[in-house]
2 protein chains.
Amino acid sequence: MPYDPSAFPPFAVTVDLVVLTVRRHALCALAVRRGEPPFQGRWALPGGFVRADEDLSQAAARELAEETGLRAHDPAVPVQDNGAHLEQLATYGDPKRDPRMRVVSVAHLALAPDLPAPRAGGDASNARWAPVEELLQQGGYGRDGEPVAPLAFDHAQILADGVERARSKIEYSSLATAFCPTEFTVGELRRVYEAVWGVALDPRNFHRKVTGTPGFLVPTGGTTTRQGGRPAQLFRAGGATLLNPPMLRPEV
Amino acid sequence: MPYDPSAFPPFAVTVDLVVLTVRRHALCALAVRRGEPPFQGRWALPGGFVRADEDLSQAAARELAEETGLRAHDPAVPVQDNGAHLEQLATYGDPKRDPRMRVVSVAHLALAPDLPAPRAGGDASNARWAPVEELLQQGGYGRDGEPVAPLAFDHAQILADGVERARSKIEYSSLATAFCPTEFTVGELRRVYEAVWGVALDPRNFHRKVTGTPGFLVPTGGTTTRQGGRPAQLFRAGGATLLNPPMLRPEV
DNA sequence: GTGTTTATCGTCAAGCAGACGACTATGATC
DNA sequence: GATCATAGTCGTCTGCTTGACGATAAACAC
């Protein structure tokens with residue numbers, strides 16, 4: 001099969017972002033309102049076209065910065081400051097997923113600590129953090145009683161895949177610390193697990209597990225009472241990125 | 001940002017396949033020899049352009065069938081007959097990964113039982129099963145003393161990612177059975193784990209683990225002596241696709 | 001002070017994994 | 001046919017991890 005430029009059809013390639021954070025004990029995702037057809041006025045995942053000279057991860061990092069101001073982190077470096085974790089999720093290329101043309105979307109997953117309200121081109125009403133269950137329920141009613149339209153395109157599927165990736169990955173990695181600020185307490189980390197998994201964990205067993213895993217948490221020496229109650233030790237994420245044996249998600 | 005068709009550059013989209021199998025106690029991958037530039041004469045992963053009306057998974061299944069004659073399996077259905085397991089691996093889109101043009105490749109991972117020698121357009125010399133360490137070593141010498149050229153494009157990276165995916169996924173899923181024929185013995189399944197992980201496992205503990213996990217293996221009633229020694233029970237893969245608690249890979 | 005909240009340490013029993021002994025049922029070899 | 005080599009299968013024991021849960025500690029609110 002010789003090289004024949006007419007032998008392949010042209011595609012548009014985009015990146016879509018599943019940006020997750022934990023707000024008020026709930027796992028939330030960033031959604032933006034579409035300003036033009038198709039799906040005008042509907043909520044969608046942030047994303048955009050990959051530029052001609054851009055790598056996929058560069059495009060994802062650029063979109064993330066444009067939407068949230070977050071800098072993406074080199075995955076090889078442990079999570080520090082307020083950089084977000086960013087990784088490729090999966091690629092979606094159904095021929096009919098975009099009615100305009102053939103679009104292949106390389107979805108990425110970003111995990112970020114709780115952030116100020118998002119901006120989308122400076123317009124706050126066109127971007128928001130929404131609980132993932134609210135975004136994923138099809139045709140129900142949101143917390144404010146307003147009817148909820150499903151996400152545009154196949155973004156509900158992409159979001160569901162991203163949430164599932166996050167849920168399973170915090171089992172065996174230190175990724176949950178990406179949802180926390182630089183310094184955090186064991187209790188704050190536990191509340192992240194509880195929000196992402198939607199379960200309640202035993203504070204004593206959780207404390208034993210995370211403090212007993214070498215290299216997972218590094219004490220900073222400080223303490224805080226920002227959660228109330230007895231002062232809690234502050235930690236930073238340690239160098240260990242793999243949790244072995246994994247944190248066990250309680251069976252449903 | 002209004003819809004502007006000139007706002008995005010056209011891409012070529014391909015699928016590349018990491019097809020793994022276990023032959024003679026070694027994890028092997030399917031490689032094809034390139035017939036045209038660039039990288040003419042070098043080994044590469046099989047793959048090809050996605051057609052205009054084709055989904056990504058369809059394109060991957062088509063390429064797999066063209067190269068091996070294998071039918072891909074619906075992932076929702078437990079592995080049966082000689083269908084191969086096929087799943088999306090990751091997408092590679094470095095602007096310079098193909099010197100001819102901008103190509104985004106959606107790599108897929110296929111796991112197959114040991115197969116007869118492959119064919120590439122009917123020409124056996126242009127397709128082969130090669131041990132993955134042989135394909136991944138850069139500029140060394142193969143088992144026959146012949147110098148080994150690295151794989152074309154970024155295929156060494158893709159292969160390495162696919163191998164790592166397979167290695168980690170058999171820990172917590174029943175995916176290792178995809179390397180086995182329909183009916184297999186506990187020892188044969190153990191040799192799959194040993195080949196994929198490159199370690200030796202205790203036959204007694206392995207037997208206890210896999211036969212003690214409900215729904216993982218279903219006895220067919222038959223026995224075989226094809227491995228020599230005492231006759232062994234034959235099993236089929238059970239409905240359980242998740243292995244909990246996981247099979248522990250011995251630490252390096 | 002009393003109560004509430006959160007953090008942290010300890011105890012105990014059940015389950016699982018790793019190490020390894022013992023026995024079984026074939027084919028191969030003498 | 002006896003012996004050996006090979007592979008499969010069943011048990012035992014020990015140590016580690018988990019899940020359930022009691023107890024104590026250190027802050028704040030009243």
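Everything numeric here is computed off the predicted structure, so don't read it as measured data. Values below: every heavy atom of this structure, side chains too, minus hydrogens, waters and symmetry copies. Chain A is the first sequence line, chain B the second, and so forth, proteins listed ahead of strands; every chain is numbered from 1.
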With a 4.5 Å limit on heavy-atom distance, are the side chains of Leu45(B) and Val32(B) in contact? no
Going by heavy atoms in the side chains, are Trp197(B) and Glu171(B) under 4.5 Å from each other? yes
Calculate the interatomic distance between [X] atom [atom1] and [N] atom [atom2]; express it in whole Å.
| X | N | atom1 | atom2 | result |
| --- | --- | --- | --- | --- |
| Leu248(B) | dG15(C) | CG | P | 18 Å |
| Asn244(B) | dG15(C) | CG | P | 16 Å |
| Leu201(B) | dG18(C) | CG | P | 9 Å |
| Met247(B) | dC16(C) | CE | C1' | 13 Å |
| Leu243(B) | dA17(C) | CG | P | 9 Å |
| Arg226(A) | dT5(C) | CZ | C1' | 16 Å |
| Gln233(A) | dC9(C) | CD | C1' | 12 Å |
| Leu189(B) | dG8(D) | CG | C1' | 14 Å |

Correct closest heavy-atom pair for Phe179(A) and Leu20(A) would be CE2-O, 3.4 Å
Got a sec? Which of residues 190-199 of chain B come in under 4.0 Å of DNA chain D, heavy atoms? Arg190(B), Arg191(B)
Do His155(B) and Gln157(B) meet the criterion of a side-chain donor-acceptor pair at a distance under 3.5 Å? no
Distance-only polar pair, side chains of Asp16(B) and Tyr92(B), donor-acceptor under 3.5 Å: no
Would you give the length of the straight line joining atom CG of Leu111(B) to atom NZ of Lys169(B), rounded to the nearest 0.5 angstrom? 8.5 Å
Spatial distance of atom CG (Leu56(B)) from atom CD (Gln88(B)) [nearest 0.5 Å]: 6.5 Å
Using a distance-only criterion (donor-acceptor N/O pair, under 3.5 Å, no hydrogens), is the base of dA25(C) paired with the side chain of Arg230(B)? no
Is the ring centre of Phe235(A) less than 6.0 Å from the ring centre of Phe184(A)? no
Test log, rule salt bridge (charged side-chain N to carboxylate O under 4.0 Å, His left out), inputs Glu134(A) and Arg128(A): CA-CA 12 Å; Glu134(A) 194 177 316; Arg128(A) 62 165 182 154; 3.3 Å; yes
Note: contacts of residues 202-223 of chain A with DNA chain C (heavy atom, under 4.0 Å) are Arg204(A), His207(A), Arg208(A)
